[in-house]
Amino acid sequence: MNITRQIAPDIHWVGVNDRRLQRFENMFPLPQGVAYNSYLITGEKTILLDTVDSSVRDQFIENVAYVLGNRSLDYLVINHMEPDHCGNIEAIVRSYPNVKVIGNAKTFQFFSQYYAMDLSNHAIEVSDGQLLDFGSHKLRFYFAPMVHWPEVMFCVEERNGILFSADAFGSFGTLPGALFSDELDFDTLFLAETRRYYSNIVGRFGSQVHSVLQKLPLDTITMIAPLHGPLHRKEYVSRVLELHKTWSLYAPEQKGVVLAYASMYQNTEQAVEALAFKLGELGVKEMRIYDVSNTHPSYIIADIFKYSHLVLGAPTYNMNLYLPMEALLKELQVLNLQNRHVAIIANHSWASVAKKGLNQLVGAMKNITMIEPQLDIRSTLKRNQMEQLDSLAQAIADSLNSPDAP
Ligand code: FEO
């Protein structure tokens, strides 16, 4: 049974929803699955833009065959060579043996690393900025190296102004019948998952994302067609571009506090909770509290990308910083998190290691403003430390209210 949809004259979505996959890249939870988008142009020439994961091959091949009807496939464009999109290149070439495969030098290098098939008789290598004229449709290619792989390229279909953007502007989550963000409740269904996808998958490569945003002909783009999640048109084009520009600069979207804590016996938890209640009393409305042992880090990271302030609470464990907190901070380092205001509550019973560990890991990030005082409690927060906690809460609230705050 084919499931396809026309998105513009002679241009069709031929992707597949995967509602069964539990973890993206075997790492990130997918409570709503994931969509693998693929597009087929049926003008003077037939052009398929990317394939999908091998696990959903049957549906995909049926979709492509249905839209082609009695035509064959002339071209396959490979904008991204990661297996969730290149898993059916071999199947497509076998099904349409005269197809020409369009990629760049790195695309074909990666193809030969993953697959045994010899593509040399099919390959057309494009360069950055090159225009390919297919008669009724023209595609201009824009290399987007390290967004988030080296071979990634985007292409713009110039007649309709459609940006085929590989993984960029994508999201976790399957398409709920509606295909475009303006046809569904984007803020409820996809905004958080788009942020979680960006921050965890592409977050490290902010400068590369920023560079490619500079070179794209953004004023001509009327639709963004990513490889995951909903397509964007109308007001969502500028909204999604603006969000990605903010994220690529590691600028917070809004003022607010993420309180991420690790706690063995709820003592550090209690200290963080007490701080949160003081912040609430001081009028801080935007707060998100996470136990790093209970919430997958991808969700915490997404909110840390969203908000301006971060409170970290953790005990010493085995003469080290509590490991799930250390793992979270190392991940944030790898993702290049910058430009945040950070407060610290450490805990220890006989050897104070957590405070040093938190400071070292956060201190290695760029443009971090540490908020004082830092608390280093002994086993439990005592009444005589409440004054210190009050000072910390006031300092966080003042920083949030400061016109200089991000
Ligand atoms: Fe959706 Fe980078 O693969």
Side-chain angles (χ1 to χ4, degrees), residues 13-39 48-57 59-60 63 76-92 101 103-104 106-111 113-115 141-155 163-175 179 181 190 193-209 211-213 224-232 240 244 247-248 298 301-302 331 334-336:
W13 178 86
V14 291
V16 183
N17 271 332
D18 184 344
R19 298 182 186 279
R20 294 190 169 193
L21 189 68
Q22 295 294 309
R23 285 183 185 261
F24 189 75
E25 297 176 351
N26 206 19
M27 193 159 31
F28 305 101
L30 291 174
Q32 305 298 330
V34 68
Y36 304 111
N37 296 332
S38 168
Y39 305 95
L48 182 64
L49 294 120
D50 290 294
T51 75
V52 298
D53 193 87
S54 58
S55 60
V56 290
R57 178 170 301 153
Q59 174 79 63
F60 174 65
N63 285 352
L76 166 62
V77 172
I78 308 174
N79 281 326
H80 188 18
M81 255 307 294
E82 192 161 5
D84 54 333
H85 308 292
C86 69
N88 285 294
I89 295 173
E90 283 189 322
I92 288 290
V101 180
N104 57 55
K106 286 197 172 73
T107 316
F108 294 115
Q109 178 201 322
F110 283 1
F111 183 87
Q113 289 173 210
Y114 278 102
Y115 302 105
F141 293 86
Y142 296 89
F143 288 10
M146 298 318 299
V147 180
H148 60 137
W149 275 33
E151 88 301 350
V152 170
M153 58 186 192
F154 300 169
C155 57
L163 170 63
F164 295 100
S165 63
D167 276 341
F169 313 111
S171 177
F172 295 130
T174 41
L175 297 160
L179 196 58
S181 44
F190 281 103
E193 285 296 74
T194 301
R195 185 186 297 110
R196 185 165 71 97
Y197 180 86
Y198 176 88
S199 53
N200 286 276
I201 308 295
V202 192
R204 175 178 174 81
F205 305 106
S207 64
Q208 290 87 344
V209 173
S211 298
V212 79
L213 287 174
I224 299 174
L227 290 177
H228 300 288
L231 287 67
H232 308 288
V240 165
H244 283 77
W247 295 332
S248 74
S298 62
I301 287 166
E331 209 165 338
V334 167
L335 294 171
N336 263 331

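Both counts, for ligands and for their atoms, begin at 1 and track the order of listing.
Between the CG atom of N200 and the CE atom of M27 there is a distance of 8.0 Å, given to the nearest 0.5 Å.
Annotation: Q22, atom CD; neighbour count of heavy atoms from other residues, nucleotides and ligands within 6.0 Å does not exceed 12.
In this structure, the side chains of Y36 and D50 stay at 4.5 Å or more apart for every pair of heavy atoms.
Between Y197 and F172, the distance separating the two ring centers is shorter than 6.0 angstrom.
Partner E151 forms a side-chain hydrogen bond (donor to acceptor under 3.5 Å, both in side chains) with one of K106, Q109, H80 and no other, that one being H80.
With respect to atom 2 (Fe) of ligand 1, E82 has OE1 as its nearest N, O or S atom. Atom OD2 is the N, O or S atom of D84 at the shortest distance from atom 1 (Fe) of ligand 1. As for H228, its N/O/S atom nearest atom 1 (Fe) of ligand 1 is the one called NE2.
Atom 2 (Fe) of ligand 1 lies under 2.8 Å from an N, O or S atom belonging to H148.
Atom 2 (Fe) of ligand 1 forms the vertex of an angle spanning NE2 of H80 and OD2 of D167; to the nearest 10 degrees it equals 90°.
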